[in-house]
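Data first, discussion second: the structure below is written as structure tokens.
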Amino acid sequence: MALLEIKNLHVSVADKKILNGVSLSLSAGEVHAIMGPNGTGKSTLSNVIAGRAGYEVTEGEVLLDGKDVFAMAADERARAGIFLAFQYPVEIPGVTTSNFLKTAINAKRRSEGKPEIDAMEFLKLVRAKTKVLGMPDDMIKRALNVGFSGGEKKRAEVLQMTLLEPRVAILDETDSGLDIDALKVVSDGVNALRSPDRAFLIITHYQRLLDYIVPDHVHVLVGGKVVESGGKELALQLEAEGYARYLSAA
Amino acid sequence: MAAKQETAAAVRDVEQYKYGFVTAIESDKAPKGLSEDIVRFISAKKGEPEWMLEWRLKAYRYWLTLADQEPTWAKLSYPKIDYQDSYYYAAPKQKLASMDEVDPKLLETYKKLGIPLAEQAILAGVAVDAVFDSVSVATTYKKKLEEMGVIFKPISEAVHSHSELIKKYLGSVVPYTDNFFATLNCAVFTDGSFVYIPKGLRCPMELSTYFRINEKNTGQFERTLIIAEEGSYVSYLEGCTAPQRDENQLHAAVVELIALDNAEIKYSTVQNWYPGDADGKGGIFNFVTKRGACRGKNSKIMWTQVETGSAITWKYPSCILQGDGSVGEFYSVAITNNRQQADTGTKMIHLGANTRSKIISKGISAGKADNTYRGLVRIGAKADGARNYTQCDSLLIGDQCGAHTVPYIESRNPTAQTEHEATTSKISEDHLFYCQQRGMTQEEAVSLIVNGFCREVLQTLPMEFAVEAQKLVGISLEGSVG
């Protein structure tokens, strides 16, 4: 059974159809990349899976381990193991990154029937992970995303992903706004998380990110539909040819 | 002989009048309503000296002249209060000498309210003067404090044991003519805390009092007086939670603080009176007059308040900065949800040279609530070099609540500097979704975000209080979204 199964998904926003029957199947251990031009529904797909309000699912379903994702509230989906790394992470004034992380970790632990994380254990864990991601120690004392640079925000997203150990991680244009060094650090972080019981859905404009995070499958999303699927070589082909031929066909 | 008998008869009459309805004195509750007899009853119940009774009566008579002067300038709307429809005195069955004698049922109530009194006193080293239904029933750590010369006791006892201090300071910051509610309090106050910190002593423990309302329809009229002698320091905590009830309850407390040369008083409050149900039914009407006088040079008074309860909050903890170089600070979190209304802020009155004040106010409004910051910064003509910084932030949750900021700034000295900053923000869907995507429920998310918003204020609270306050912030806003 696939870990995440998207079946014939149709989604509208304010009566405008955005997704027109998307089907994808992600097995544990796999990395899938979704590529496509602007305005083709890539972010809609990630938001609908994560449960953001304002999207109307008119047809189709999404299953996590065979369970109906749409029957769960956004926070339940998160605790069930769906993680979305945001394209534009919001700033939360006054809430330290450390406090935010601890609250998130404890929300998950509580749903698993585990006690809250010990303060020392938490600190040790976070320190180890921030080090890997090249984040300064005092960053977790700063208010989450407030005054963070583009690169810092994305690192903070990957840090959260690392600590929450999701089953399915969706990265929504994580490469946008990153310089090449940050891109490498973030990619290393993601690669370190690749594991046989986890799946990734990586949404990106450019092939560049896929040089660092090598996908098992690449899908082309155009006009709210998957128009072509292939291996990692498809990404290279798109880089060379662009999306013109899909757009003219659509 | 005849003259002597006449005198005796007159005295008898006076005595009778003094104690009013003799039989009622035996009961634990005065009859409903307010009259000179009730004032005498309260005073007699406490066995007060004549001068105290006289002061109460002066206040009561003055209050009668204020009948149509109940303040209406606040942005609050509530039905007219019938002052004859309230009880003004209720006492527990008997007065106890120590914690051991406290009714276990009473302690059980404290526990249910989430404040394990006994435990807290032992674990946190907090001396507790617990007020339950107007009369103090338990005082702990009394001995330890006594040895250091600290006086920390119910004001009803201090009236007897330290009458000179009471005479000197009671009403010296909030006179009996101050305002409608304060005047009422002067007439009928039942009990409260008295604190005296001797010269040069840094009080090594936080002093705290928990207030409760438990008796049905009982007006609560607490009176607190804190005096910090030269070079002393004290941190005082006041916190309240009240069990649920249906009828509106009147609460008009007065707190007076006096800081002499180089003394510092830190006064922290967590206020969680019953706010009424979701439709605004029931709930406490809280009209409080809190004022501190920085009488001495370089003295300092710091108010921190976390206001989450009450249907109506009318409260402006203030500082009169008389001494040169004195400092006043006000840190406030006011949360209103459902139909709650709060009109709260501070007054910083700069009289001395080089006086400084700082105001940090965080108002959070949810549901159909209204939240108003009202503040006055007044710089007197002699306050050379006075400085004020004010920051008022409002946070809205939902689209049916209101936030208002009404700052008054009056400066009569050209060398003074005042600054005022204000922001209004809203908890957005994006914020909530982001937190939910990390596994938090909506309520956890609101609590986290609001606690972040209030952090600057909450971190001024003493540690054990801060933890309680953080939880309270979350609890107060339950059901405010979704």
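Residue numbers begin at 1 in each chain, while the letters A, B, ... track the order of the sequences.
Within the cation-pi definition used here (under 6.0 Å to the ring centroid, within 45° of the axis), B/Arg438 qualifies as a partner of B/Tyr434.
Contacts with chain B were tallied for A/Pro89, A/Ala53, A/Gly54; A/Pro89 has the most, counting heavy-atom pairs under 4.5 Å. Between chain B and the options A/Ile92, A/Asn47, A/Thr103, A/Ile105, the largest number of non-hydrogen pairs under 4.5 Å is found for A/Thr103. The residue among B/Ser428, B/Gly452, B/Ser425, B/Cys435 with the most heavy atom pairs within less than 4.5 Å of chain A is B/Gly452. Here B/Gln436 is the residue among B/Glu456, B/Glu444, B/Gln436, B/Glu429 with the most heavy-atom pairs under 4.5 Å with chain A.
For A/Glu76, no part sits under 4.5 Å from any heavy atom of chain B, backbone or side chain. Only the backbone of B/Phe453 comes within less than 4.5 Å of a heavy atom of chain A; no side-chain atom from C-beta onward does. Heavy atoms closer than 4.5 Å to chain B are found nowhere in A/Arg77, neither backbone nor side chain. Using a 4.5 Å cut-off between heavy atoms, A/Leu164 contacts chain B through its side chain alone, with no backbone atom that close. With a 4.5 Å cut-off on non-hydrogen atoms, A/Pro166 does not touch chain B at all. Proximity to chain B (any heavy atom under 4.5 Å) is restricted, for A/Leu144, to the side chain, taken from C-beta onward. Both the backbone and the side chain of B/Asp430 come within contact range of chain A, each with at least one heavy atom under 4.5 Å from a heavy atom of that chain. Heavy atoms closer than 4.5 Å to chain B are found nowhere in A/Ser111, neither backbone nor side chain. In this structure, the portions of A/Phe100 lying under 4.5 Å from any heavy atom of chain B include both its backbone and its side chain.
At a cut-off of 3.5 Å, with distance as the only test, no side-chain donor of B/Tyr236 or B/Glu238 sits close to an acceptor on the other residue. The closest side-chain donor-acceptor pair between B/Asp370 and B/Thr372, if any, does not fall under 3.5 angstrom.
Under 4.0 Å is where a charged nitrogen must lie from a carboxylate oxygen, and between A/Lys153 and A/Glu91 at least one such pair does. Contact check on A/Asp138 versus A/Arg142 returns no salt bridge, with no Lys/Arg side-chain nitrogen under 4.0 Å from an Asp/Glu carboxylate oxygen. A/Lys7 and A/Glu5 are not joined by a salt bridge, as no carboxylate oxygen comes within less than 4.0 angstrom of a charged side-chain nitrogen.
Between A/Phe86 and B/Phe433, the ring centre distance stays below 6.0 Å.
In this structure a side-chain-to-backbone donor-acceptor pair under 3.5 Å is present from A/Lys154 to A/Ser176.
Exactly one of B/Lys300, B/Arg356, B/Lys266 qualifies for a salt bridge (charged side-chain N to carboxylate O under 4.0 Å, His left out) with B/Glu329. That residue is B/Lys300.
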